[in-house]
Amino acid sequence: MAPFKPTKQLKCPETGAEFAFPFPPYDIQLDLMKSLYTVLSNAGIGIFESPTGTGKSLSLTCGSLSWLKDYERAVDEELCTKIDGLRKDIAALEKDNEASSDWITGQYNVMGRRKELDELQHFRSAVEEYRKRLVAMKDKAVLLKKHWITAKDAASDGVLRQDIAHQDVILDEDEFLLADDSGGSDEELESNRHEVDAERYRPVQVIFCSRTHSQLSQVVGEVKGTQHVADLRLMSLASRQSLCINPEVRKLKSNSLINERCLELQKKGGKGRSDSKEAGGSKKRRKVAQSCPFYNQRAIEGLKNGTLFEVPDIEDLVKAGKREKACPYYASRAAIPDAQVLMVPYQLILHRRTRQQSGIDLRDSVLIIDEAHNLLDTIAAIHSQELSRGQLQHVKTQLAAYKARYFARFTSKNLLRINQLIFVATRLEGLLSCDSKSAEAGRSSRMIATHDLLLDSDIFNLDLVDILSFCERSRLAQKVHGYAQSAPPAQLLAQASGPLAGRPKVGGSSKAITSGLKSLLKTLEEEKERKMSSKQKGRRGKSTTGDRVAEVAASEQENGATSAPQPPTANAIRPLIAFLECFIEDAGGDGRVLLTFDPKDPSRSCMKYLLLNPGARFEEIVQSCRSLVLAGGTMQPTEELTEQIFRNCPERVTIKSYPHVVPLDAVRPIALARGPTGKEFLFNYANRQCPQLLDELQSTLINLCSIVPHGVVVFFSSYEYLDQFWKRLEASGNRARLEARKRMFREPRSTGQVEQTLADYGLAAKSAAGALLFSVVGGKLSEGLNFSDELGRCVVVVGMPYPNRTNPELAERMRYLDRTLTQGPSSAGSEYYENLCMKAVNQCIGRAVRHIRDYAAVVLLDARYCSGVRIRRKLPMWITERMVYTDRYGLAHGSLVKFFRDHKVNLRAETSEKGKDNNIEANRQVQRRYGVHH
């Protein structure tokens with residue numbers, strides 16, 4: 001059904017109250033909301049840069065929701081006006097026809113008006129039907145809410161009873177058998193689904209996309225504090241890892257394992273105990289498996305209705321799911337068609353296949369991407385896929401075992417597809433083998449085009465689209481994985497050694513496949529024995545299968561067999577399917593494959609698909625959406641976005657960069673070219689090992705720590721350079737001098753230690769002495785963290801963090817940009833290389849000054865910040881308008897001393913004034929309490 005679009009221009013609100021902003025907005029907030037409203041009204045594209053701490057997210061939500069409500073109201077009004085006008089026109093034309101001699105032309109005009117009237121009436125009927133359904137959903141939600149409040153077991157927080165959680169279903173051994181692949185049913189079902197969707201009314205949706213779930217939850221919390229929350233239908237989407245409430249599934253930790261287990265339980269094919277029954281003298285195995293108690297369509301529908309009108313974040317969904325004993329993951333997806341606002345992470349939007357599987361339709365929607373400073377790199381990373389030689393070995397062994405088990409029952413078409421997959425896995429593994437051309441030449445890596453890989457692996461003549469379509473229709477990856485995890489190792493060993501063992505010769509010898517099967521069986525048996533020993537200590541199994549497999553593995557090693565693949569921890573087939581899908585989407589030849597060889601451990605050799613043109617993948621989103629908004633605290637430089645993503649529609653793009661809300665004297669940025677002794681700061685690759693430069697840096701930091709109160713955060717270009725500086729600091733004896741001024745911390749390489757380091761640093765920074773934190777650009781502390789107030793009174797960036805230019809991925813991307821884009825005086829590849837550096841610097845700068853009452857200094861230590869005009873242009877506007885460029889350390893030192901002294905005086909004055917106000921208010925309370933009057 002084609003949507004009805006009003007032609008009348010919407011009137012933009014003029015005040016914060018008209019935008020339903022919860023408090024008086026700053027000028028930049030009001031201007032951002034008005035600019036956003038105009039972009040959405042004109043179906044345009046907006047790029048907005050607003051520093052962190054300026055209320056950017058709240059401005060985006062209030063501006064977009066105000067437009068959405070005005071747009072829906074305009075549709076209703078103009079639709080009624082249009083229908084009434086057509087009815088009058090038809091009546092007038094019919095009256096004219098009675099007296100007209102040219103009745104054929106008149107009747108033709110009447111038929112045209114009637115057709116248009118029928119379409120509009122059909123559209124209005126669909127809207128009315130949709131709204132009736134919403135009213136019914138809301139009524140059910142009210143009843144469900146009353147049920148939650150009055151339920152006696154609400155205090156238990158939805159803990160399942162033991163008898164419910166372990167409901168068993170009986171499964172036969174055909175659970176993992178492929179169905180007959182008829183080949184045409186999928187297309188018919190897809191066609192029917194599109195026909196149904198075409199007749200259904202689809203409201204305009206606002207889709208808010210951000211990098212992390214915590215950022216999305218923060219936005220949801222801000223929406224709840226506005227008047228827009230009334231009658232708003234909002235839903236938060238996330239992965240199973242974030243929303244699953246089944247304890248058995250959640251304990252798996254890994255996202256891929258959680259997905260597999262969820263699908264198994266959903267199809268009632270989970271791993272369970274096995275019973276044996278005698279039937280005619282032969283044993284038949286019966287599997288008893290658990291189904292997921294939360295996958296109940298009626299309960300899921302109730303959860304959807306109950307949460308859609310409550311503006312839930314992820315935590316709210318999980319709590320409601322436990323309370324209702326329904327799956328939050330499927331409830332959130334069921335709510336997608338009826339939601340006005342969707343809160344989604346990057347992955348669900350930027351990857352087309354994931355977006356389609358989630359049920360998100362971008363047609364005529366408004367897409368807002370927050371934290372979009374690394375959009376191009378994020379798209380490239382999402383569409384890259386790595387495949388190791390060990391994974392390919394697991395693919396071959398699992399497919400061979402699966403094929404041997406069901407060989408006699410496969411249709412010829414299914415057998416052909418499985419043989420083709422084994423062939424593909426074998427050929428790809430051959431490219432990573434030690435005897436390949438690149439490995440023999442002693443090269444550690446090799447970059448090839450996608451079509452060259454298809455030729456080299458001899459799979460260019462296979463219909464990959466047909467193979468992948470078969471895998472999707474048959475759910476092959478899930479069935480093979482389920483079979484490999486559930487079948488007893490003894491049974492697999494018998495199949496591998498039986499008369500069918502010689503059959504799976506596609507692409508390689510049966511000996512190699514049997515060897516891989518035995519290695520796989522060994523790992524399965526070891527895993528099973530570990531589980532049994534943890535449950536039944538002291539008991540010993542009667543079967544000697546484990547000993548037999550161990551002996552076989554030992555004899556393999558004695559005979560010099562190749563190293564076994566690593567134990568499978570996740571689905572082995574899915575990485576291969578995802579890798580092949582990259583080739584299907586690579587229609588424009590904008591991808592490359594990087595082959596990396598590891599002579600020490602061949603199983604770690606890998607191939608990685610690289611997307612060189614992320615703008616091409618984003619083009620579909622640009623064409624589908626009504627409006628697109630990219631926002632961030634540091635969006636500079638914006639040229640690469642307009643050049644790579646929006647070069648086909650530059651007339652639609654509006655770019656706005658806003659200053660900070662803090663006063664001009666709240667930030668003191670300094671670009672310093674020389675240290676205290678006059679040594680030039682030039683932290684390029686040639687000077688990395690220069691001891692005099694490291695000593696100059698030490699002296700500078702010692703001086704800074706003597707004048708900067710509380711917390712100082714220093715960013716280095718890499719962990720290696722930080723380690724080098726740390727060693728020089730200890731060798732020179734200056735570590736003790738620094739620790740005498742501030743307590744020192746280093747960013748840990750392990751993710752698990754970050755939170756504790758930050759907590760310890762926060763306590764030390766708020767103390768009188770303060771703290772010094774050494775971090776890394778692009779590390780765990782350079783993005784998304786808040787060093788406000790005492791945590792970050794000074795941010796120091798050491799050098800310019802250019803990435804390694806010899807990196808094969810980066811070098812290939814730069815060559816591609818040089819070939820496809822035309823830039824000004826510099827090449828497109830060099831521009832991209834410089835932009836990577838400056839975006840990283842801007843993210844470090846943005847860690848400080850997080851609200852209007854905050855203040856901090858920013859010190860950029862490198863002569864190139866002072867001399868490079870292009871580099872200055874790529875810094876945030878609120879930094880460049882305050883920046884002091886100097887090659888004299890004394891001038892910078894004096895400026896910082898004055899800056900912090902002035903703020904110390906201002907802070908004392910504010911504290912004194914606040915104390916007076918508190919005393920006056922306390923006196924007034926005493927007077928009111930005891931009736932004292934003057």
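By the ring pair (Phe, Tyr, Trp, His ring centres under 6.0 Å) test, Tyr816 pairs with no residue at all, sequence neighbours left out. When the ring pair (Phe, Tyr, Trp, His ring centres under 6.0 Å) test is applied to His351, the partners found at least two apart in sequence or on another chain are His383. Partners of Asp361 by salt bridge (Lys or Arg N to Asp or Glu O under 4.0 Å), not counting sequence neighbours, listed by chain and number: Arg202, Arg363. Partners of Ala811 by side chain to side chain contact (heavy atoms under 4.5 Å, CB included), not counting sequence neighbours, listed by chain and number: Arg815. When the salt bridge (Lys or Arg N to Asp or Glu O under 4.0 Å) test is applied to Glu620, the partners found at least two apart in sequence or on another chain are Arg352, Arg355. For Tyr658, there are no ring pair (Phe, Tyr, Trp, His ring centres under 6.0 Å) partners at least two apart in sequence or on another chain. A search for side chain to side chain contact (heavy atoms under 4.5 Å, CB included) contacts involving Ala334 returns Lys304, not counting sequence neighbours. For Tyr685, there are no ring pair (Phe, Tyr, Trp, His ring centres under 6.0 Å) partners, not counting sequence neighbours. Residues that satisfy the side chain to side chain contact (heavy atoms under 4.5 Å, CB included) test with Pro876, not counting sequence neighbours, are Thr634, Asn842, Trp878, Ile879. Shown here are the salt bridge (Lys or Arg N to Asp or Glu O under 4.0 Å) partners of Arg864, two or more places apart in sequence or in another chain: Asp862. By the side chain to side chain contact (heavy atoms under 4.5 Å, CB included) test, Asp364 is found to be paired with Pro3, Lys5, residues two or more places apart in sequence or in another chain being considered.
The salt bridge (Lys or Arg N to Asp or Glu O under 4.0 Å) pairs that include a residue from residues 33-49 are Glu14-Lys34, where partners are two or more places apart or lie in different chains.
Atom OG in Ser384 sits 11.5 Å away from atom CD1 in Ile379 (nearest 0.5 Å). A distance of 7.0 Å separates SG in Cys262 from OH in Tyr329, rounded to the nearest 0.5 Å. In this structure, CD1 on Ile45 lies 9.0 Å from OG1 on Thr654, to the nearest 0.5 angstrom. Of the inter-residue distances, the one linking Ile459 atom CD1 with Thr426 atom OG1 reads 11.0 Å to the nearest 0.5 angstrom. The distance from atom CE of Met33 to atom OG1 of Thr38, rounded to the nearest 0.5 Å, is 12.0 Å. Between the CG atom of Leu431 and the CG atom of Leu387 there is a distance of 11.0 Å, given to the nearest 0.5 Å.
Nearest approach of Ile336 to Gly359, heavy atoms of both residues: CG2-O, 3.5 Å.
A donor-acceptor pair under 3.5 Å links the side-chain atoms of Thr54 to the main chain of Pro51, judged by distance alone. For the pair Arg475 (side chain) and Cys471 (backbone), a donor-acceptor distance under 3.5 Å is absent. No donor-acceptor pair closer than 3.5 Å links the side chain of Ser624 to the backbone N or O of Ile621. A donor-acceptor pair is defined here as one N or O able to donate and one able to accept, closer than 3.5 Å; no such pair exists between the side chain of Ser444 and the backbone of Phe597. The closest donor-acceptor contact from the side chain of Gln843 to the backbone of Ala840 lies at 3.5 Å or more, if one exists at all. Gln340 places a side-chain N or O within 3.5 Å of a backbone atom of Arg233 that can act as its donor or acceptor partner.
At a threshold of 4.5 Å between non-hydrogen side-chain atoms, the residues Asn835 and Tyr833 do not count as touching. Counting heavy atoms from C-beta outward, Leu610 and Val593 have side chains that stay 4.5 Å or more apart. The shortest distance between side-chain heavy atoms of Tyr832 and Asp377 falls below 4.5 Å. No side-chain heavy atom of Gln636 sits less than 4.5 Å from a side-chain heavy atom of Arg873. Between Glu581 and Leu468, some side-chain heavy-atom pair lies under the 4.5 Å cut-off. Side chains of Leu216 and Ser236 form no contact here, defined as non-hydrogen atoms less than 4.5 Å apart. For the pair Leu40/Tyr71, no side-chain contact is recorded, criterion being any heavy-atom separation below 4.5 Å from C-beta on. When side chains are defined from C-beta on, Glu429 counts as touching Lys396, because their heavy atoms get closer than 4.5 Å.
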Legend entry - Steps toward salt bridge (charged side-chain N to carboxylate O under 4.0 Å, His left out) verdict (Lys56, Asp370): CA-CA 9 Å; Lys56 167 175 52 68; Asp370 198 9; 2.8 Å; yes

Inset, instruction - Determine, step by step, whether Arg211 and Glu371 satisfy the salt bridge (charged side-chain N to carboxylate O under 4.0 Å, His left out) criterion, reporting the C-alpha distance in whole Å, the side-chain angles of both residues, the deciding distance to 0.1 Å, and the verdict. - result: CA-CA 7 Å; Arg211 187 166 52 90; Glu371 302 297 331; 5.5 Å; no

Inset, instruction - Apply side chain to side chain contact (heavy atoms under 4.5 Å, CB included) to the pair Leu821 and Arg647, showing each step before the final yes or no. - result: CA-CA 11 Å; Leu821 296 180; Arg647 57 178 169 176; 3.0 Å; yes

Inset, instruction - Begin from the C-alpha positions of Arg353 and Glu585 and carry the test salt bridge (charged side-chain N to carboxylate O under 4.0 Å, His left out) through to its verdict. - result: CA-CA 10 Å; Arg353 188 169 184 81; Glu585 297 179 356; over 6 Å; no

Inset, instruction - Walk me through it: do Arg592 and Glu809 pass the test salt bridge (charged side-chain N to carboxylate O under 4.0 Å, His left out)? - result: CA-CA 9 Å; Arg592 298 291 184 272; Glu809 297 183 30; over 6 Å; no

Inset, instruction - Determine, step by step, whether Leu237 and Ile360 satisfy the side chain to side chain contact (heavy atoms under 4.5 Å, CB included) criterion, reporting the C-alpha distance in whole Å, the side-chain angles of both residues, the deciding distance to 0.1 Å, and the verdict. - result: CA-CA 10 Å; Leu237 303 181; Ile360 300 175; 3.9 Å; yes

Inset, instruction - Given side chain to side chain contact (heavy atoms under 4.5 Å, CB included), test Arg389 with Ser433 step by step and report yes or no. - result: CA-CA 8 Å; Arg389 188 183 180 193; Ser433 63; 4.0 Å; yes

Inset, instruction - Decide side chain to side chain contact (heavy atoms under 4.5 Å, CB included) for Val395 and Val424; before the verdict, give the C-alpha distance in whole Å, the side-chain angles of both, and the deciding distance to 0.1 Å. - result: CA-CA 10 Å; Val395 170; Val424 169; over 6 Å; no

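The aromatic rings of Phe583 and Tyr609 are tilted relative to each other, their planes meeting at an angle between 30° and 60°.
With hydrogens and angles left out, the side-chain atoms of Ser217 and Ser214 include no donor and acceptor closer than 3.5 Å. Under 3.5 Å, the side chains of Gln420 and Arg417 contain a donor-acceptor pair of N or O atoms.
The pair Lys839-Glu640 meets the salt-bridge criterion, with a side-chain N (NZ, NE, NH1 or NH2) lying under 4.0 Å from an Asp/Glu carboxylate O.
With Asp590 as reference, Arg617 is the one residue of Arg813, Arg617, Arg819 to meet the salt bridge (charged side-chain N to carboxylate O under 4.0 Å, His left out) rule.
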